[in-house]
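Here is the structure we will look at.
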Amino acid sequence: MCLVLGCPGAGCSTFLKTIANQRDEYPGVAGDVRYAGIDATEMEKHYRGEVAYNQEADIHISTLTVAQTMEFALSTKTPGPNGRLPGVSRKEFDAMLQDTLLKMLNISHTNQTLVGDEFVRGVSGGERKRVSIAEMMATRARVQCWDNSTRGLDASTALDFVKSLRIMTDVLGQTTFVSLYQAGESIYELFDKVLVLDNGRQVYFGPVSEARAYFEDLGYRSLPRQSTPDYLTGCTDPNERRYADGRSERDTPSSPEDLENAFYGSPTYAKLQQSLGEFKLHIGTEKADQEAFRAAVLADKKRGVSRKSPYTLGFIGQVKALTIRQFRVRLQDRFQLTTSFGMDTILALVIGGAFLNLPHTAEGGFTRGSVIFIGMLTICFEAFAEMPTMMLGRPIANKQIGYGFYRPSALVFANFFADLPFSAVRVFVFDVIVYFMPGLSRSAGGFFTFHLFIYLTYLAMQGFFRTFGLLCVNFDSAFRLATFFLSNMIQYTGYIIPTFQLKRWLLWISYLNPLSYGWAGAMENEFMRTSLICDGTYIVPRNGPGMTKYPVSLGPYQVCTLFGAQPGSDVIVGNDYLEAGYGISTADIWRRNLVVITGFLIFFLFMQVIAIEYLSPKMFGGSVYIYAKEDKETKVLNEIQREKKARRHKKLDDEKTQKQSRDEDKTRPLAHRKAFTWENVNYHVPVPGGTKRLLHDVCGYVKPGTLTALMGASGAGKTTCLDVLAQRKNIGVVTGDILVDGRPIGADFARGTAYAEQMDVHEGTATVREALRFSAYLRQPAEVPIKEKDRYVEEIIELLELQDVTEALVFTLSVEARKRLTIGVELASKPTLLLFLDEPTSGLDAQSAWNLVRFLRKLADQGQAILCTIHQPSSLLFESFDRLLLLERGGETVYFGDIGKDSQEYMLEAIGAGLSPKVGPRDWKDVWLDSLEYQEVRAEINDIKAQGIGYSRYREQPNAYMYVVDPWFDETCSNSNCADATSFLYQLRTVVRRNNIALWRSPDYVFSRLFVHAFFSFFISLSFLNLGHSIRDLQYRVFAIFWLVVLPAIVMTQLEPMFIFNRRTFIRESSSRIYSPYVFAIAQLIGEIPYSILCAIVYWALMVYPIHFGQGAAGLNGTGFQLLITIFMELFGVSIGQVIAALSPSIQIAVLFNPFVGIVLSLFCGVTIPYPSMSKFWKDWLYQLDPYTRTLSSMLSTELHGLVIVCASDEFNVFNPPANQTCQEWAGDFVNAFGGYLDNPLAASACRYCQYSVGDEFFTPLNITFDNRWRDAFILFSYFVFNVIVTIVASRLLRYAKR
């Protein structure tokens, strides 16, 4: 066992990843690593799962239980028959090993609890860490690398964990590397070797027993009671190291290079080289160990698995195990399951209702194509949600692939198979409604053929979106590509523009479009079974109002205008209609369309395999900081910070002086601050079947000027207790008395407290200084000058030693730096009442932890009341606290009072926190309740309450002597108006500024918006270049304008993830009353507006000029009006996207609403279903309420008003008049009634009738008038205002943060 030590950034994680053969995130790795003589390449190829790395972060599928997580891990690593005891089955082996691991890590009680994460309630942080440990142990890897795996564990559990590693190493012959922060002496002594790194350089490697002496010989002095790991790490830290008497930096190796050279010249290194040479010679000549390893790996493999495979389980077995897991994930996410099924059913009912009982007449021809097209698009584009799902699942997949659980491609097939039962049922229900309500061909063969094509097309599009999710590094890049293809897929399906009318140089797009084959197959299936009767508006000429001149049914001197109509017949055969109108044939349904769509399904499955195996983007290590450019002010401030840091490095702190200074601080007069007490606090949460108690009769207090520790075993309820006391719980029932100076807490409680939470959630694009200033500006009182707030922020930066990363963007920070920032953000608020901290030292090295606790001690000495949970404190750290609240499992108090000497590890062992049984025959909570100390605590609480109430009464006396009072705490504040420290406008200005900076530093997001608008508009325009005055060009103008209503759906899809990610930060900040939810919602919108206007202008320019808009009476002035409508539509898209995001708990749920909103609004706007064909039910309300109705009314009337129509030669309806009549004499009354014109009015045969003479004749029957265009424009704008109001209200009422 080798312990790897170093300060944060020294390279410990990099070393462990390199040893574990996880090298993908590095451009190159030099040197040679051998595993019993086997090189790294061969290990990666044939023995991948035998070398494993356990990362510091706990990444799991939050909706699986602990048992399910372990069951999957074990199912992929269960040895074959040769690797198990005779007579032990796979299931018995897995159950036995799972039970052993959970008992060993003391988490058997969490078996049926969700693993959870920061947003899904599950096991505690410490228990989640132990789930990670158990999962890693399940790999049974021969070489194991553990990266700070005791983070979040209490001292007793951490020691038990390392003891377990020691036993496994000894018994199973494993090689174990462990990096640890704050390792105690008892843990250190369990290791054989220790490696010390400094800035990536090896400064020591050797026996643990010789390490301290080695550094002492170099000239370093250890501090009293300092553990060996802390001492070794401290020797590489300029802030911590101390030189021996008579030694200094000048004559002691202190830089990483000097320490490395000193080690290379030491006898320890000479011994290392000698033993290394001997071992190389041994493994070069003696192959016994290597052969034993190969034989053991082979024995582990299940029957049928190739000898060369690096996996224990065969590919089919991996797919089976993954399919079961993915099925559980989908089944247990009930909210998403219910939402997706519910939305699909509602959408199907809406579509079915819109096209209810289509007639078998000419009028039903176009609408049959519409319902098939819309139904297919609706269900297929739900697969868009697969993109973010693929990306969110990538970290878990990368971890488990690194463990050798499964081959990457197995996940592709597992996702496919696991989703089949859900998607098959969902699409079947959708298809039943969409097929039978409109009255498509009612036969079993017709329905199942329709369902086959729709479902195959859905699966092909699902594969298409999953491929992009696997190929792209982030959602913005995937969104750019997917939207680029998406618009072309819709445009070139064959419905909007028939294939024979496509420009020849764009025809290839339709051949590569899976939607075109699915739609063609469904259309051919319908029309091979259907014939249409020509009647009504499809007969030319026909009777107008009050006319009886023409036959009611098709006569010999009339013509049917429907595609495929034959002269003299009023019956149009379905196949003729398809060939004439769309250029497709029913003969292709099986031989072409089914084959090709199946081919696309297989092709995209194959592409997913290629993508995940060979092309999946590598997530490079987060050890590289990205810095914002310095301005004049920050350049000066950073120079001052560097000078202070340099002076500090040169100065040797005298501990005696420090102690004396601290004692002086204690004697200074303190402002009166209020004491915080809690009595008989109980907390119950709802669980299936009833409620569960997490806290039981917890009592205690925190006085001003004291530092109180909250400790206990992992899962004892420490974070829960802190949340309850800090008023952060929003589910469950809290009972008991939580008082401030003997009085109930008021509206200003959140403002007077600060809470540094365990999860480090921040605005990722802000710099460290900006994040600290943001907190100070909004949380310190408005009357404090900005300069004073800035000065205090600089103090925080210095105290937390963040000088080197002041301009670093938060999302690039290391775990340790992010933890410091979390604490700094809360300290920047200068809490007047109480400072809560949840495990502030977890993830920090010993020196950083000591600096932090020392700083907390300093704050306490200045009068601050502090309560914090803490894990694994050293004796030095522990004795900095004044009092301790100790909890055992079940939220039971076992002690509250002063701290004794050297008690930190004994206490946890005594109450049975680890694996060892508790000390004594009685439960410690009973001992505490019967103790004299308990009675003293209750008496002290009563005294504090009495003093607080008495002081308040004293303050109220008119002639009372007023001594020093905290100037920042308003005694008169008792209502919600006092809850915020600053005014609404100041909050808005500050938050808007941060949002604008965040968007400016998110070029991927902004560029994606611009790219999508530009290419979307450009490729639409390519199909409609330089439109003229024919009827076909008129229809293309309508189609080009209709694409504008698709724009909001695209904007929504990109905007929702951004809003939901920002809401995560807001949820954390809002609990401290930094700013109001109204500010959050308004600021999100204001930040988007400039980019929205820019995108609208780009879209408009690439639409109007290439297509040649503005040819009507409105002229070029009309195109300016169209720009206004385009901007309004862009703003509507932004606002409706934010409404959906505000109403949705997650990204996966939000994207499910997009098809519903997009389809419903575009369906009832009067174009997809022409206004005259729409049923009265929809006309009376949904048509009127639809914002897209106003968009198309204003756009179409502006574009088509006064546009002269001249039919092309093939667009005339040709008919013969009766004998001895001219065309004008026969059809003149018809033309006068319905518009259009006769091209040859004086002819006596072959009359050529053009349906329209001016554009107004097209839009007038659609209930559109030119005079209402301004009214419609501002009705559309009012929808934008309405959405903003809904977003603000939803942000106030819905936060989806259950705690």
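Just so you know, these numbers use all the heavy atoms, side chains as well, and skip hydrogens, waters and symmetry mates. All values derive from a computational prediction rather than experimental measurement. Numbers here simply count residues along the sequence, with the first being 1.
- The CZ atom of Arg368 sits 5.5 Å away from the CD atom of Glu526 when rounded to the nearest 0.5 Å.
- Tyr511 OH to Ile509 CD1: the interatomic distance, rounded to the nearest 0.5 Å, is 12.5 Å.
- Aromatic pair Trp519/Phe453: ring centres not closer than 6.0 Å.
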Checklist line | Derivation of the side-chain hydrogen bond (donor to acceptor under 3.5 Å, both in side chains) call for Ser585 and Asp588 | finding: CA-CA 6 Å; Ser585 170; Asp588 291 333; 5.0 Å; no
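- Phe1024 and Phe1039 have their aromatic ring centers separated by at least 6.0 angstrom.
- Geometrically, Arg442 does not engage Phe447 in a cation-pi contact defined by less than 6.0 Å to the ring centre and at most 45° from the axis.
- Below 30°, between 30° and 60°, or above 60°: for Tyr582 and Tyr495 the angle between ring planes is below 30°, a parallel geometry.
- With ring centers used as reference points, Trp1178 lies 6.0 Å or more from Tyr1183.
- Cation-pi geometry between Arg1032 and Tyr1036 is not met: the NZ or CZ atom fails to fall both under 6.0 Å from the ring centre and inside 45° of the normal.
- Arg1037 places no side-chain N or O within 3.5 Å of a backbone atom of Glu1199 that could act as its donor or acceptor partner.
- Between Trp1100 and Tyr1105, the ring centre distance stays below 6.0 Å.
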Next item on the list: Begin from the C-alpha positions of Asp431 and His451 and carry the test side-chain hydrogen bond (donor to acceptor under 3.5 Å, both in side chains) through to its verdict.
Entry: CA-CA 6 Å; Asp431 284 350; His451 176 60; 2.7 Å; yes
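- Phe1280 and Phe1277 have their aromatic ring centers within a separation under 6.0 angstrom.
- The one candidate from Leu1131, Thr1189, Ile1125 that meets the side chain to side chain contact (heavy atoms under 4.5 Å, CB included) condition with Leu1276 is Ile1125.
- Remark: the backbone N or O of Gly439 is not paired with any side-chain donor or acceptor of Asn357 at under 3.5 angstrom.
- Between Phe1230 and Tyr1249, the distance from one ring center to the other falls under 6.0 angstrom.
- Remark: the backbone N or O of Phe366 is paired with a side-chain donor or acceptor of Ser370 at under 3.5 angstrom.
- For residues 1176-1246, the disulfide bond (SG atoms under 2.5 Å apart) pairs, not counting sequence neighbours, are Cys1207-Cys1250, Cys1223-Cys1247.
- To the nearest 0.5 Å, the span separating CG on Asp535 from CZ on Arg542 amounts to 10.5 Å.
- In terms of modelled atom types and a separation under 3.5 Å, the side chain of Ser1194 and the main chain of Arg1190 share a donor-acceptor contact.
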